Every structure is written in structure tokens, then in C-alpha cells.
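Predicted model, so just to flag it, every value in this text is computed and none were measured. Quick note on labels: first sequence line is chain A, next is B, and so on, each numbered from 1.
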There are 2 protein chains.
Amino acid sequence: MLSKKTKYGIKALVHLARQRDRMPVQISTISKSENISQKFLESILLTLRKNGLLGSKKGKGGGYYLLKDPNEIPMTTVMRLLEGPIAMVPCVSLNFYEKCADCTDEDACAVNKLMLKVRDNTLEIFRNTTLADLSN
Amino acid sequence: MLSKKTKYGIKALVHLARQRDRMPVQISTISKSENISQKFLESILLTLRKNGLLGSKKGKGGGYYLLKDPNEIPMTTVMRLLEGPIAMVPCVSLNFYEKCADCTDEDACAVNKLMLKVRDNTLEIFRNTTLADLSN
DNA sequence: CATTACCCTAGTAAATCTATAGGGTAAAAG
DNA sequence: CTTTTACCCTATAGATTTACTAGGGTAATG
């Protein structure tokens, strides 16, 4: 299951991408428009900013804005930031690899084999989908 | 993340599929061979039996066995049984559909759009992979 | 200098996961 | 018919994660 954090994060990013100018948008605006708890959204936008996706401006007329062109933000980046590993098991994860405790031979493992296929496919989709693609 | 339940369930099913004859295999045998807690495995095999994938035999020489040919068991069946929905969000689920509370227009929702692609792809893999494919 | 709006930490209720405990019961072997 | 084997079933509990909420602090603008 996709966490609400990721879901809300994507919605917020798309909201910012749909902005024609690059003017800052207030948290409260996004919160109302997308039906997201303001405080929760605050923490999500904060992690997006800390990880270089968003910039922010304080004081009157402040808010959050995208740092890059939506075309240059693939969903792999967004998903890894918000949701973590794309793979369903750590033993097929590229960025979060971990060996299974119970598995003696990874190459002979059916779960590994199956989930590798799923990961490859999902990764391909996330790689080829940018924030811009989702904003139309 | 894939739950341990699903992971163990797949491993157990593959173990049974690899059996050349259709003789019952004891829980304890699978448990040791696959490094799975016996009691936990018991409950997993029970749900697989209740849902028509496995048969069981009591008493000496008893155990669990596949009811169908591994070729005729697609992973969609296994995944839905053990893991539940294949989709990452309920609003794109075929068998477990639910409307999002926060979403006003599903067709305009970026999360919906993205996760629909992922689901279609993942589903295709699970449909085209049978237990037999994983057992070689 | 007051207001706006982001910044940050901590905590918590609820749900889910991953088992474990503790037996009960049917069937086969001898 | 009795013993053993091995499945059957319910309840519960610790650990972890999720989805927030509380409660303020701080920087920047007008």
C-alpha cells in the first residue's frame, strides 16, 4: 500500500507543477485545495525541501515552489524520497539492498525471481514518468 | 513491502510444486527447509487450504499438497489471497476498489493516473507467471 | 514591529505485522 | 483400541509503522 505521506506528497508536487509562474504557494492553499491536513502536509513539504526538490520563502507572500522543471523530475526520485524502496523485498532493491535472513540461495529463490521482475517493470514506469506527465 | 506471510506462503507453495509426486509434505519439513517458524507457517497453509489451493491429510504420513497443477496457478491468485490488493491504492484496485476520501475528481488525480499504470503492469506479470514458472 | 508563514521537535492513538501459546481433533499404524 | 502423528483453531501480545496532533520557534516581509 502507498502511504498517505507519499500520496499527499505527489499531489502537492503536482499542484506546484501546475502553477504557471514559479511563485511560492502557501501550505494552507495546497492543504485546502487537495484536502490534506495542514500540519501533516507541512512535514511532507519540509522533507521535500530538505532533499532538494522544493524551495521555500518565509514571510508574507512566502510559500513553497519547485526548484526544477517538472520535466526533469522523474517519479523514481519522488517515490524513493517519500515512500522509500521501490522494490517489494529488500533483496531485489537497488538503493536499499539487504540480504534475506531466511534465504540461503538468492538465485534459487522464487520470491526473489518474481519480485525482481516486478521491480524492473515498476522502475521503468517511474523512470519514464515525470512530474510534468502527471500535471496535464 | 511484501509481508512475511506472503513471502513464506510463496516459498511453501513452490516447495510443494517442486515435489515430483503429489504426496503430502509435513509442515515441519517445509518449515525446516525454508527457515520459517512452524506455527506461523501453519496458519499460512491453513488459509491456503481454506481458499482451495491446498489439500491436507491428517495422521501419520499426512501433510499438505497442491490441489492443482502448478501450471494452472497464476501468481495473481496467490498474491490476492496472501497479500490482498495488487494495486498500491484502493482507487485503482480491480478486486478491492474504494473511492479516495480526499479526491474530488478521480480522472484528474495524478496519483490515480500513475498507480493505474503500475497496477496494469504488475498485474500483467502476476497473470503471466505461474507457480510452475517459479519452481524451476 | 507586527504579522505572516515557514521551521522543528516530540509524542500518541490506531492499525498492522509477526509471530507465540496452548491446546483440540481427525486419521493412520500397530 | 490405543497411541502417535500431524493438522486444526482461537486468542493474544510485542514490535513496528502510520498518520497524524500539539505546541511552540524563527525568519522575513511590509
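Atom-to-atom, CZ of A/R49 to C1' of C/dC6 comes out at 8 Å; the value is rounded to the nearest Å. In this structure, B/K58 atom NZ and C/dA29 atom P are separated by 16 Å, rounded to whole Å. Per the geometry, CD1 belonging to B/I44 stands 9 Å off P belonging to C/dA19, to the nearest Å. The separation between B/E42 atom CD and C/dT18 atom P is 18 Å, rounded to whole Å. Across the protein-nucleic acid pair, B/I36 atom CD1 and C/dA19 atom C1' stand 13 Å apart, rounded to whole Å. Whole-Å rounding puts the A/K57 NZ to D/dT29 C1' distance at 8 Å. The nearest whole Å value for the distance from the CG atom in B/L45 to the P atom in D/dC7 is 8 Å.
Using a 4.0 Å cut-off on heavy atoms, none of the residues of residues 82-95 of chain A approach DNA chain C. Non-hydrogen atoms lying under 4.0 Å from DNA chain C are contributed by nothing in residues 26-34 of chain B.
Side-chain atoms of A/S28 and A/S31 form no donor-acceptor pair, as typed in the model, at a separation below 3.5 Å. A/S3 and A/E83 are linked by a side-chain donor-acceptor pair at a separation below 3.5 angstrom, with hydrogens and angles left out of the test.
Applying the 4.5 Å side-chain rule to ILVMFWY residues, one finds A/Y65 in the same cluster as A/L67.
In the set C/dA19, C/dC7, D/dC8, C/dC7 carries the atom at the smallest distance from any side-chain atom of A/Y64.
Smallest separation of non-hydrogen atoms from B/H15 and B/E34: ND1-OE2, 2.9 Å. Contact record, B/I44 with B/T47: O-OG1, 2.8 Å, taken as the closest heavy-atom pair.
Here A/K7 lies out of heavy-atom contact (under 4.0 Å) with every strand.
The residue among B/K39 and B/S43 whose nearest nucleotide of DNA chain C is located toward the 5' end is B/S43.
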